[in-house]
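To start, the structure itself, in structure tokens.
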Amino acid sequence: MPELPEVETVARGLQGLVGKRITRVEVRRPKLVSVGPKTLSPKRQHSQLHTRAFQKALVDRRIAKVARRAKLIQFQLSGGWWILVHLKMAGQIVVQQKGQRRLLVRLLNSPHAQLEKMPSKHTHIIIRFTDGTLLYYNDLRLFGTWRAVRSADLSRVADLAAYGPEPLARNFSAKVLQAALRRRPNMPIKQALTDQTLLAGVGNIYADETLFAARLKPTRKVKSLKLADWSRLFTGLQKVLRHAIKTHGSSVGEFIRVDGSVGTYGRYHKVYDRKGKSCPRCGTPIRRMVLGGRGTHYCPRCQR
DNA sequence: AGAACGTCTCGGCCGC
DNA sequence: TGCGGCCGAGACGTTC
């Protein structure tokens with residue numbers, strides 16, 4: 001579920017953990033955790049050895065830094081270890097501050113969803129810090145991953161090594177964007193935008209919103225884009241991502257901030273999940289199609 | 001019933 | 001026939 005703006009929102013919300021020391025790690029779902037640069041084979045996932053190794057890598061270590069790369073949250077720990085967390089479709093990280101009486105969290109974004117007390121039946125990992133702060137990992141769909149990796153092995157983490165450029169990096173530009181996506185000249189631009197090895201962090205919502213902002217049809221082949229198209233794509237991409245981060249992301253599905261509150265960028269979606277509603281620019285009904293297996297929303301008049 | 005914001009694996013196809 | 005690149009389908013739990 002979460003894309004760059006949501007993961008960035010979570011990473012920023014976790015900055016308060018820097019300096020705290022882990023005292024206890026409870027793993028209720030061993031299949032979510034692994035140790036080392038390679039992902040665990042499904043066969044070994046149910047052994048308890050890797051759970052113990054995961055706990056051992058974390059316990060008694062201090063959080064030195066929390067950062068984001070693409071859609072990964074990176075905890076740098078003391079003692080040369082990192083934790084790489086991918087929330088996939090439905091992962092949530094919430095933090096209960098020391099002394100905070102209880103934490104209520106909406107596990108689903110449906111209007112009638114109940115607030116649930118932490119930990120809930122969807123809480124699969126609980127990390128306790130020496131000062132009493134608690135981190136809960138919730139995951140309705142059990143797709144998320146927590147990997148403990150030694151610093152020396154970071155370069156051997158396949159997905160991390162393969163990520164394309166960060167769209168909000170200081171040195172990112174229309175030229176960098178063009179060079180990155182042109183590695184797949186025949187791919188529809190929408191699919192290229194969401195390919196993490198070409199460009200980091202953009203998923204379905206922000207690809208649709210970016211292409212609307214850039215007035216480009218999602219099916220356009222990468223190689224068909226002209227100089228002016230690249231320029232609008234670059235500007236649209238940064239504008240959409242920056243606005244989404246400022247509003248703490250889109251709380252579609254299950255995304256929430258670390259204090260349990262929701263992001264409000266969903267209010268500003270111009271095409272995503274707006275099939276049949278009118279285009280905010282020209283009034284034409286928004287269309288939905290399937291591209292590369294994902295729902296794709298666009299204005300048939302504005303985007304060409 | 002069909003779809004959901006992510007990614008990985010597998011199998012088929014194309015071209016050298 | 002062999003190999004790599006490329007691409008689409010399916011799989012992964014669960015909920016509404």
Side-chain angles (χ1 to χ4, degrees), chain A residues 1-10 28-32 34 38-43 45-46 69-73 84-92 106-114 116 120-124 137-147 157-164 182-188 190-211 219 221-223 240-241 244-245 247-256 262-263 265-266 268-269 271-275 288-297:
Chain A
M1 128 229 125
E3 307 179 26
L4 186 154
E6 291 77 26
V7 180
E8 180 67 25
T9 297
V10 172
R28 298 180 172 188
R29 289 282 186 154
K31 70 165 258 187
L32 299 182
S34 63
K38 294 215 182 129
T39 43
L40 215 53
S41 69
K43 196 169 183 183
Q45 279 186 356
H46 298 289
R69 171 78 171 110
K71 301 172 192 171
L72 270 188
I73 297 165
L84 307 178
V85 180
H86 202 302
L87 305 171
K88 294 285 177 84
M89 298 284 260
Q92 300 177 331
R106 192 180 306 277
L107 286 157
L108 280 168
N109 193 34
S110 78
H112 303 295
Q114 302 262 320
E116 294 200 33
S120 86
K121 68 168 178 174
H122 297 294
T123 304
H124 307 304
Y137 179 69
N138 307 323
D139 196 335
L140 211 63
R141 294 176 69 178
L142 303 175
F143 286 179
T145 57
W146 284 63
R147 291 175 286 178
V157 176
D159 48 344
L160 195 53
Y163 284 141
R182 275 214 172 144
R183 289 167 48 205
R184 291 282 178 280
N186 292 309
M187 198 177 255
K190 154 85 186 264
Q191 275 179 269
L193 282 171
T194 59
D195 183 330
Q196 301 302 296
T197 69
L198 302 183
L199 180 69
V202 177
N204 208 32
I205 295 177
Y206 296 102
D208 282 4
E209 293 299 322
T210 293
L211 289 169
T219 49
K221 300 259 176 145
V222 168
K223 67 183 177 193
V240 164
L241 293 177
I245 290 172
T247 54
H248 314 296
S250 310
S251 281
V252 177
E254 300 84 13
F255 171 71
I256 50 164
V262 298
Y265 189 70
Y268 305 99
H269 290 174
V271 287
Y272 180 76
D273 203 21
R274 294 194 68 247
K275 179 189 172 185
R288 180 183 189 276
M289 64 182 294
V290 175
L291 225 191
R294 320 304 302 191
T296 298
H297 312 77

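Please read all numbers here as calculations on a predicted model, not as lab measurements. Below, read A as the first sequence line, B as the second, and so on, with proteins coming before strands; counting in each chain starts at 1.
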Any base atoms under 4.0 Å from [X], or only sugar-phosphate, or nothing? Heavy atoms, all strands.
| X | result |
| --- | --- |
| A/Arg294 | base |
| A/Arg288 | sugar-phosphate |
| A/Glu209 | nothing |

Treating a pair as Watson-Crick (purine N1 to pyrimidine N3 plus N6-O4 or O6-N4) or G-U wobble (N1-O2 and O6-N3) with both distances under 3.5 Å, list the stems of 3 or more consecutive pairs that involve DNA chain C.
B:2-4 with C:14-16, B:6-16 with C:2-12
Given B/dT7, C/dG13, C/dT15, the nucleotide with the shortest approach to the side chain of A/Lys71:
B/dT7
Kindly point out which of B/dC8, C/dG13, B/dA4 is positioned nearest to the side chain of A/Met89?
B/dA4
Using 30° and 60° as the class limits, which term best fits the ring planes of A/Tyr272 and A/His269: parallel, tilted or perpendicular?
perpendicular
On DNA chain C, does the nearest nucleotide to A/Gly293 precede the nearest nucleotide to A/Arg184 from the 5' side, or the other way round? Give the residue.
A/Arg184
A/Lys88 NZ to C/dT14 P: how many Å, rounded?
16 Å
What integer distance in Å separates A/Leu142:CG from B/dA4:C1'?
15 Å
Could you check whether A/Phe143 and the base of B/dT7 form a stacked pair, meaning centres closer than 5.5 Å and planes differing by less than 30°?
no
For C/dG13, does the O4'-C1'-N9-C4 (purine) or O4'-C1'-N1-C2 (pyrimidine) torsion place it in syn, i.e. within 90° of 0, or in anti?
syn
